[in-house]
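Chain A is the first sequence line, chain B the second, and so forth, proteins listed ahead of strands; every chain is numbered from 1. Any value given below was found using the heavy atoms of this structure, including those in side chains, with hydrogens, waters and symmetry copies removed.
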There are 2 protein chains.
Amino acid sequence: MAYDPGAFEPFAVTVDLVVLTIRDDDLCVLTVERGEEPYAGRRALPGGFVLPHEDLETAALRELAEETGLTAADVHLEQLRTYGAPARDPRMRVVSVAHLALAPDLPTPRAGTDAVAASWVPVSSVESLAFDHDEVLRDGLERARAKLEYSPLATAFCPPEFTIGELRRVYEVVWGVTLDPRNFHRKATATPGFLAATGERTNRQGGRPAELFRRGATTALLPPLTRPAP
Amino acid sequence: MAYDPGAFEPFAVTVDLVVLTIRDDDLCVLTVERGEEPYAGRRALPGGFVLPHEDLETAALRELAEETGLTAADVHLEQLRTYGAPARDPRMRVVSVAHLALAPDLPTPRAGTDAVAASWVPVSSVESLAFDHDEVLRDGLERARAKLEYSPLATAFCPPEFTIGELRRVYEVVWGVTLDPRNFHRKATATPGFLAATGERTNRQGGRPAELFRRGATTALLPPLTRPAP
DNA sequence: GCAAAAGTGTTGCCCATACACCCATGC
DNA sequence: GCATGGGTGTATGGGCAACACTTTTGC
């Protein structure tokens, strides 16, 4: 019965990454081009095998660093879901623990070592990824959209200091909606722990200089920022 | 790099189950007693190895049937999270895909084949489960509590036909709160797709006979049933 | 009648929306 | 001045908590 040693089948375990960022007011996902069969030439989500003594999250961070140069301090990373259909990889039995990462737009394109063909693709124009990665991406997007409502996750798309307008654009791009700037401002600043004022101002957006904020200490938004119906 | 065949370490992959039910107005979790080392004599969540050609969800359903006799039609089952710390099992590298199952109270105790020491334990009096199962249980409870708000999941704790009062008691027990019966009734019946009237009545609760409902067709509660603050 | 549970009506408050309006900058 | 984005004030409407009240059973 359970955990009878010796009676188990070996599996390969990988981590796959749904890395999202916002570039030019577009929600983008990191993809790599596959060089070998199966799915040679097709785009896929970045990922790789978990090493023998490595935690799952550590493996995800290592892959993320290899592909983007980003480290744990730069991104939000969380486990998404595990995919283990028997035939999802035609070569062998592979169970993949997918992770979701949210990153601010990178000024430097990429610092990766072996990220030969990695590139950001707007999620609206992604199609036919390798393996079951279309489904993984769908699940990741759904998770990200839902979590913006009740967690301060949107700040993960922003640089360390940001304006309310920049934060609002994150919500608008991820949700694909337009929000009232006045009401959004009131709501965001009124939610306790969401934002921490810096006292600084910037006029990088043009118009009247805006206050700069850092992310606050809370991990949950009470009350939540609700998504408009349709 | 990613998916280089031959360069992977074999892992054991298991499924673990957080099976919740409500017995005597108490939220209970299914546990088994371990017969062998490690953690011999300690209680643990039920689980076991994924078979070579088996889907993860299929494996979870098989384990669930072995322990409880419950089948897919009887329960709500969803993937919870995957646990893969290198030393979580001292014998070998094991990655466990935990699942959350919600079941109505079972009139028949258990129909399992090898469920020697399986038993329901109130979650308030669970302590020191084997492996990392305390953490798994905590995550499962948190998921269940959160999902009652925005999904019709509470009906999974009820028999096929139930009254509003029975449904309300599910919320009260899982959340550990008391709810206003009048407002709950209004809210539950007003949420589109949540409940389907049967036209039948029952007086099994005593007092004025209550209408019987079945679960409705929706998978999301709009608007959600919000949990009271503290 | 009395207790218990189901269900309805009503009221007042809070909060979200919509939008008028003012502020501070670049050009 | 004018355009652009930042930020505040305020009215209106819908939802929800609180609770009075009625209904229908068992004893």
Side-chain angles (χ1 to χ4, degrees), chain A residues 22 24-25 148-150 154 158-159 161-173 175 177-192 194-214 221-230, chain B residues 25 148-150 154 158-159 161-173 175 177-214 220-230:
Chain A
I22 293 178
D24 302 325
D25 281 355
L148 287 206
E149 294 200 41
Y150 57 90
C158 296
E161 303 200 336
F162 51 88
T163 69
I164 304 280
E166 289 163 349
L167 183 65
R168 175 170 49 81
R169 244 152 265 143
V170 169
Y171 278 89
E172 292 182 331
V173 167
W175 285 347
V177 299
T178 62
L179 300 172
D180 185 301
R182 288 90 46 124
N183 292 331
F184 182 86
H185 182 279
R186 196 190 342 261
K187 189 103 199 248
T189 51
T191 302
F194 189 15
L195 302 174
T198 63
E200 310 280 313
R201 298 179 163 274
T202 181
N203 61 349
R204 61 186 177 218
Q205 301 293 330
R208 168 177 166 182
E211 254 196 288
L212 278 170
F213 292 85
R214 267 188 267 273
L221 260 34
L222 294 168
L225 274 148
T226 49
R227 198 168 356 174
Chain B
D25 282 354
L148 287 206
E149 294 200 41
Y150 58 90
C158 296
E161 303 200 337
F162 52 87
T163 68
I164 305 281
E166 290 163 350
L167 184 65
R168 176 171 47 81
R169 243 151 267 141
V170 169
Y171 279 89
E172 292 181 331
V173 168
W175 285 348
V177 299
T178 62
L179 300 172
D180 184 300
R182 290 90 46 128
N183 292 331
F184 183 87
H185 182 277
R186 194 190 345 259
K187 189 103 199 248
T189 52
T191 302
F194 189 16
L195 302 174
T198 63
E200 311 280 312
R201 296 178 164 275
T202 180
N203 60 350
R204 61 186 177 217
Q205 301 293 332
R208 170 176 166 184
E211 255 196 288
L212 278 169
F213 293 85
R214 266 189 269 272
L221 260 34
L222 295 168
L225 275 147
T226 48
R227 196 169 356 173

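Each of B/Asn203 and A/His185 was matched to the nucleotide of DNA chain D holding its nearest heavy atom; the match closer to the 5' end belongs to A/His185. Comparing B/Ala210 and A/Lys187, the nucleotide of DNA chain C nearest to each residue sits closer to the 5' end for B/Ala210.
With hydrogens and angles ignored, no donor-acceptor pair closer than 3.5 Å exists between the side chain of B/Arg182 and the base of C/dG9.
Across all strands, A/Arg168 comes closer than 4.0 Å only to sugar-phosphate atoms, never to a base (heavy-atom distances). Residue A/Asn183 is classed as a base contact, given a heavy-atom separation below 4.0 Å to a base.
Rounding to whole angstrom units, CD of residue A/Gln205 and P of D/dA3 are separated by 20 Å. Distance CG (A/Asp180) to C1' (C/dC15): 15 Å, rounded to an integer number of Å. Between the CZ atom of B/Arg208 and the C1' atom of C/dA6 there is a distance of 5 Å, given to the nearest Å. Atom CD1 of A/Ile164 and atom P of D/dG7 are 7 Å apart (whole Å). Remark: C1' of C/dA6 and CD of B/Glu166 are 12 Å apart, rounded to the nearest angstrom. Rounding to whole angstrom units, CZ of residue A/Phe162 and P of D/dG5 are separated by 19 Å. Spacing between atom CG of B/Leu225 and atom C1' of D/dG15 amounts to 13 Å, rounded to whole angstrom units. Between B/Phe213 atom CZ and C/dG7 atom P there is a gap of 6 Å when expressed in whole angstrom units.
Distances were taken from every side-chain heavy atom of B/Arg186 (C-beta onward) to each of C/dG7, C/dT10, C/dC19; the shortest belongs to C/dT10.
Scanning both residues, A/Glu172 and A/Leu179, for their nearest heavy atoms gives OE2-N, 2.9 Å. Shortest non-hydrogen contact noted between A/Glu149 and A/Leu221 is O-CD2, 3.8 Å.
Formation of a donor-acceptor pair under 3.5 Å by the A/Thr198 side chain with backbone atoms of A/Leu212 is found in this model. In this structure a side-chain-to-backbone donor-acceptor pair under 3.5 Å is present from A/Tyr171 to A/Leu148.
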- Message: Using side-chain contact (heavy atoms from CB on, under 4.5 Å), reason through B/Phe213 and B/Leu167 one step at a time and then give a plain yes or no.
- Response: CA-CA 10 Å; B/Phe213 293 85; B/Leu167 184 65; over 6 Å; no
